[in-house]
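All chains are named by letter (A, B, ...) in the order of the sequence lines, taking the proteins before the strands, and each is independently numbered beginning at 1.
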Amino acid sequence: MSLTVSHISKQYGDFTALHDLSFELAKPGVYALLGTNGAGKATAIRIILGMLSKNSGEVLWKGKPLSPVSERVGYLAEERGLYPRYRVMEQLVYFGELKGMKKPQIYEAIDYWFDRLSLNEYREKKAEQLSKGNQQKIQLVAALISDPELIILDEPLSGLDPVNADLFKSVINDEIAKNKFIIMSCHQMPIIEEFCSDIAILHHGNAVLQGNLNEIKKSYGRVNLSVKCDGNVIPLASECGLTPVEVTPDRIDFKIKSEQQAKELLKKIVASDMPLVRYELREPSLHEIFVENIEKADNAAKEVSA
Amino acid sequence: MSTYGWKKVFKFTFVQTGKSKAFIISTIVICVLVLGLSLLIGVMPLLTSSGSGSVSQGDTLAAKKVYFIDNSGITSAEEYKQSIEQLGLQFESRDASELESLTETVNGSTECMLITVSAGEESIKIYGARPKDGSVSKDEADGILNLISGCFSTLRLEKMGLDEQQVANALAPVSTSTSVAGEEEENMAVSVIKMVVPMVSSLVLFILIFAYGQMVAQSIAQEKTSRVMELLLTSVRPLAVIIGKILAMGALSLMQFLMFIAAGVVGGVVSMPIVSSAGTAVAQSGVFNEMANAIGKVFSGFSPVAIVAVLVVFLIGFIFYALIAGLVGASVSRMEDLNAAMQPYAIIGVVGFYLAYFPTTMAGIGEGPNTMAIISYYLPFSSPFALPSAILTGSLSIVEALIAILVLAVVTVLTAILVARVYEQIIFHNGNRLKISDILGLARNK
């Protein structure tokens, strides 16, 4: 059982919304679609969901073209949508029925999710009477009501308070534990690092970086050095050819070209008897990888146009 | 293209819209109006009968006694005695010199009348005085005078030497009418009904088809702008959403239409006993029979096949307008843009309505179908409003009606194909409102 997205493209006249995107979820897990606004994430998601026709490529689920009409697919859209004047229960029953569920199944699922997300008091309320956070919970119930094997979460935690964000995270963890195939689009990089094994960074419709997140990080090597000393470490770093990229009361960050530079600085600190509080050599964060790749793609585009 | 799930969309839309306050209130208000109007129309003959002045043997009258003075020199008071007594009234012949004292007597009484017959220079005058307190109504007094007037005409002719048959011939009413050579003449009732039926029918159909079309547009625009559409489209195709929605609105529209008709029928049925129980001559005068005959004549094309044809026209017409409205609703990204986007739809609808309204109404009262009326039967924008009354009143033959329905159906299918081609792309369009040329461009590029 797997999801294979193969060479999908979408063109609107002369405008390319998505170009030749391919990836595969061979086993259950979370795949992240990252990108700046207008990068093509929503287009990719809509094509995967079959909402939008594609100019080329295919989306296979269990080896066959994915049809959300016949397969149960859960989707939490970035821009939330509920019927404001209809009762919450009636809407969820409708969404469940559209997924091909029978009424007893729907009520059972609603009972479970309303208990899980503490929504019981809102059963007979109209959507417009609920707070934004609670509306978001109802949206999550609508996405998961049919217990789908494939789930697409577009900005699942945006706008949530810390308590509800933790609640949503626990639900996502539960779904991961149930071996679900999840595609997540999110601008909060720590969330991606917390849940996702594989990523694709999209920019202007193109995938500028793709692969396993751990391997991508390893390929960059440990290039970030954070140091904190009881004294001025910057002159010592200069002697090693290092220039600070960020100075905070807590630490000074350097970009190193090789781990040898970091070792040299450590030797100089020890030799100078300067008390060392912190010395950390680490891989780049996803945030750094994201920004670097977007800048690289922009520069390349500028060069081409020049 | 899959239409799976349209029944669920239909059911949800039907139930939710049907129980909305706007639907319930509008249905109740219009039903009450229709009920009131049909009651009013039903009792109208009773109201308009006031002053018609007609009494007959067996009527219960307030007057009990009639003083009669005849100084016409043509007839004598005694000659009227039998006719007055047949009404159950006491008859007293008096001399013209008593006129003043009798006037005072009648004025102060509660159940007496004074009738005088006199000859002027150029006319005969029959005058009736009734009590001041109004115990004898003007209607009743007029009715008695009409009877005396009839008696006078008969007596005058008999005195000229005419026998009974000649008198009857001389007094036979003269009526005038015109009709197209070779065709049956039309009376006033037929003409009025022929004018009113297309007028009311096209107006009601316009309100139902056009207003519900707008509701389809509003509903789709709301789902799009509130992003509910994205959730729906993970389960069903866009075409299923629009089909379910259009049919649900069509069913609600038809249901409301039938409720209005039911209210009208109830009003008519209720008003009939009111008129009958009034016991007036109106109830017995054949007004109802005349109306029933006129309705029967006008609805000569009325048959089960015609009813089915009308329902088919209604349904196809509704789908045609709703498809356009749905497309317009899907083309906006903000609810506030909807009114501006609906302008072309409104223009098409209003032009179609007026094209159906005036020519077909004129055709109903004129010398036959006019060119504009014929065009309105075949033009898809106007035919949903014009065809039903034309079919029911027999203005179109079966073959002509079938051709008109076929034209409407073909254009509706072509519209559905266009909508199916572009709807999926339009529904995800965000940004500036799409123009008609943009939509046609999408259809070509698909």
Side-chain angles (χ1 to χ4, degrees), chain A residues 10-14 17 38 42-43 45-53 55 66-87 90-101 126-128 135 138-143 145-146 148 150-152 154, chain B residues 1-23 218-220 222-241 244-245 248 333 335 420-431 434 438 441-442 444-446:
Chain A
K10 180 70 187 176
Q11 197 89 18
Y12 293 102
D14 296 334
T43 303
I45 287 172
R46 284 171 179 169
I47 289 174
I48 292 167
L49 285 167
M51 290 180 193
L52 208 56
S53 63
N55 293 100
L66 174 63
S67 167
V69 172
S70 53
E71 297 288 342
R72 285 184 185 174
V73 178
Y75 176 47
L76 181 67
E78 179 185 7
E79 290 174 89
R80 316 286 183 246
L82 289 170
Y83 294 101
R85 292 188 184 173
Y86 297 163
R87 293 183 195 287
E90 290 170 338
Q91 299 194 43
L92 289 173
V93 169
Y94 176 46
F95 298 142
E97 283 183 330
L98 286 178
K99 295 278 180 200
M101 296 171 76
K126 291 178 182 174
E128 64 187 0
Q135 286 190 26
I138 300 294
Q139 288 276 151
L140 186 64
V141 177
I145 194 166
S146 62
L150 176 61
I151 302 166
I152 298 180
D154 197 356
Chain B
M1 217 172 281
S2 170
T3 54
Y4 164 84
W6 74 266
K7 287 181 196 165
K8 289 162 187 167
V9 177
F10 172 91
K11 185 182 150 197
F12 183 75
T13 309
F14 186 86
V15 171
Q16 293 299 333
T17 311
K19 69 180 190 182
S20 69
K21 275 183 193 167
F23 179 83
Q218 198 164 16
S219 174
I220 286 174
Q222 256 167 1
E223 281 182 355
K224 182 184 171 182
T225 54
S226 70
R227 309 290 170 184
V228 176
M229 189 63 82
E230 295 211 14
L231 192 56
L232 298 181
L233 296 185
T234 60
S235 310
V236 289
R237 309 304 308 153
L239 204 57
V241 175
K245 215 163 263 295
S333 308
M335 280 307 284
R421 283 176 76 90
V422 299
Y423 190 74
E424 180 184 89
Q425 298 188 52
I426 289 175
I427 202 74
F428 290 117
H429 168 82
N430 280 308
L434 289 169
D438 297 329
L442 283 172
R444 274 196 299 272
N445 293 333
K446 170 88 178 175

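In this structure, Glu230(B) and Tyr75(A) approach most closely via the heavy-atom pair OE1-OH, 3.1 Å. For Ser235(B) against Leu98(A), the heavy-atom pair with the smallest separation is CB-O, 3.5 Å.
Contact of Arg46(A) with chain B is made through the side chain alone, with heavy-atom distances under 4.5 Å. In this structure, the portion of Lys11(B) lying under 4.5 Å from any heavy atom of chain A is its side chain and not its backbone. At a 4.5 Å heavy-atom cutoff, the contact between Glu90(A) and chain B is made by backbone and side-chain atoms alike.
Interface summary for chain A: among Leu232(B), Thr234(B), Thr225(B), the most heavy-atom pairs under 4.5 angstrom belong to Thr234(B). Comparing Gly100(A), Gly81(A), Ala77(A) by heavy-atom pairs within less than 4.5 Å of chain B, the highest count is held by Gly81(A).
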| field | Val93(A) vs Phe12(B), side-chain contact (heavy atoms from CB on, under 4.5 Å): CA-CA, chis, key distance, verdict | value | CA-CA 10 Å; Val93(A) 169; Phe12(B) 183 75; over 6 Å; no
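One N or O on the side chain of Arg237(B) and one on the backbone of Gly50(A) form a donor-acceptor pair closer than 3.5 Å.
Residues satisfying the side chain to side chain donor-acceptor pair (under 3.5 Å) test with Glu223(B), not counting sequence neighbours, are Tyr83(A), Lys245(B).
Within residues 14-22 of chain B, the residues having any heavy atom under 4.5 Å from a heavy atom of chain A are, by residue number, Gln16(B), Lys19(B).
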